[in-house]
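Worksheet: the structure to be examined is printed underneath.
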Amino acid sequence: MLTDVADAGSRAVSLAFPKQRYRLHAMVTSAGYDQRRHDPHRPYDWNGLRRGDAPFVLLQHTLSGRGRLRHGRSMHEVLPGQTMLLSFPHDHRYWLAPGDGWEFFWICLNGSEVLRLWRQLLEAGPLVRLGAAGIDRMAAYCRAVLDGEVTSPARSSQMAYSIAMHLADELLAWGEVRTSSKRPAAIERAVSLVHGAAGAPVDVGRMAEASGYSRYHFSRLFSAVEGVPPARYRLRVRMEEAARRLQTEPDPIKIIAQRCGFADANYFTKLFRRYYGMTPRDFRRSGMFAGSLSTQGVR
DNA sequence: TTGTCACTTAAAGCACATTG
DNA sequence: CAATGTGCTTTAAGTGACAA
């Protein structure tokens, strides 16, 4: 199965389905296989904060060679047999160092359920080792996308759930109830402030105040803990709030904008389009949601 | 480790035009 | 007439360098 993928050569397939009438909370968006050598003229170098605002996740499994990963402040070598799990946007970078080669396959997913699960999976670390059966299964999914077998949104969603649930089964202790947050209390206070009032004007100054640190130091601390700066985190919460309201509340878009803390509907539309790739009206009409609907998705 | 300054960059807001 | 697009200005946020 692994060799099947390897035989595919350097390939990538993106799945783009027409707008749906139904909400899907897990989708496979693309998959591929690649075999890269370090090349200064064609660098392989991805920054987790520079891949757009729309949230998604990545599974990338190393077949041979070696890649480098910086995840927050920690550095890793990504070796054969290791699977890299990442979410975006987030403060990380993965790349090929001089002299290195990297053979891998990857799968990108999005949707609220996937994002929610990935947050838990990441507690196992950005690098994990799956059993041979699990790797074979992931390779088969990748292969199916490359071979054009994923021909409908339902199939894509079915596959996304299978991937997420398999990883959960293998990496998470389901019976264990987690009650404590890994966040320092100061950051937790700022985060609750944002989630407590998406529509209220909670600026970074107030978040810093709640944390007890100066604005400057708070900004650095928050980025280190959450992977994104405070304003960007707050924006994400508000955009998810907007998406949820657009689907569940019949009011005019400018009213929805105000409820999410945007005084200016023009600006709201501009931002919404950048975040979700379509205007609020199209989003509402389509009924499809490709990102995260719940604010829990980012916590 | 935390705070401050100086600076750059990005977000937010405003006015007006266009679209459907 | 609501929603969206465009171009501009103002304001807020992020960050490197450095001090305590």
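Every heavy atom of this structure was used, including side-chain atoms; hydrogens, water molecules and symmetry mates were not. In what follows, chains are A, B, ... by sequence order, proteins preceding strands, each numbered from 1.
Stacking of A:Arg70 on the aromatic ring of A:Tyr94 is not recorded, the 6.0 Å distance cut-off and the 45° axial limit not both being met. Within the cation-pi definition used here (under 6.0 Å to the ring centroid, within 45° of the axis), A:Arg116 does not qualify as a partner of A:Trp118. Note that A:Arg51 lies in the cation-pi zone of A:Phe88, set by a 6.0 Å cut-off to the ring centre and a 45° limit from the axis.
Of the side-chain N and O atoms in A:Thr279, none sit less than 4.0 angstrom from OP1 or OP2 of C:dA3. Between A:Ser219 and C:dA13 there is no side-chain N or O to OP1 or OP2 distance below 4.0 Å.
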Output one line per pair: protein atom, nucleotide atom from nucleotides 17-20 of chain B, and distance, for all N/O pairs under 3.5 Å.
none

What's touching nucleotides 9-11 of chain B from the protein side, N or O pairs under 3.5 Å?
residue : atom : partner  : partner atom : Å
B:dA11  : OP2  : A:Arg274 : NH2          : 3.2

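For the pair A:Ile255 CD1 and C:dA3 C1', the computed distance is 13 Å after rounding to whole Å. The distance from atom CZ of A:Phe262 to atom P of C:dA2 is 21 Å, rounded to the nearest whole Å. With rounding to whole Å, A:Arg215 atom CZ is found 11 Å from C:dT15 atom P. A:Ile256 places its CD1 atom 14 Å from the C1' atom of C:dA2, with the value rounded to the nearest Å. The distance between atom CZ of A:Phe268 and atom P of B:dG13, rounded to the nearest whole Å, is 13 Å. When rounded to the nearest whole Å, the span between OH of A:Tyr213 and P of B:dT1 equals 10 Å. One atom, CG of A:Asp282, and another, C1' of C:dA2, lie 14 Å apart when rounded to the nearest Å. Look at CZ on A:Phe272: it is 15 Å from P on B:dA12, rounded to the nearest Å.
The pair A:Arg245-A:Asp251 does not count as a salt bridge, with every side-chain nitrogen at least 4.0 angstrom from each carboxylate oxygen.
Heavy-atom minimum distance, A:Val191 versus A:Glu226: CG2-OE2, 4.4 Å.
In this model, a side-chain donor or acceptor of A:Arg220 finds a partner on the base of B:dT4 within 3.5 Å.
Among A:Arg36, A:Arg68, A:Arg50, A:Arg93, the single residue meeting the salt bridge (Lys or Arg N to Asp or Glu O under 4.0 Å) criterion with A:Asp45 is A:Arg93.
With B:dG3, C:dT15, C:dG5 as the candidates, the nucleotide lying closest to the side chain of A:Thr269 is C:dG5. Closest approach to the A:Lys270 side chain among B:dT2, C:dG7, C:dT15 is made by C:dG7 (side chain taken as heavy atoms from C-beta onward).
A:Lys254 comes within 4.0 angstrom of the backbone, heavy atoms only, and of no base. Across all strands shown, A:Asp264 has heavy atoms under 4.0 Å from base atoms, whether or not it also approaches the sugar-phosphate.
Annotation: A:Phe272 is in aromatic contact with A:Phe283 [ring centroid separation under 6.0 Å]. Checked against the 6.0 Å centroid threshold, A:Phe268 and A:Tyr275 do not count as a close aromatic pair. When ring centroids are compared, A:Phe105 and A:His61 come within the 6.0 Å threshold.
The side chain to side chain contact (heavy atoms under 4.5 Å, CB included) search around A:Arg37 returns none, not counting sequence neighbours.
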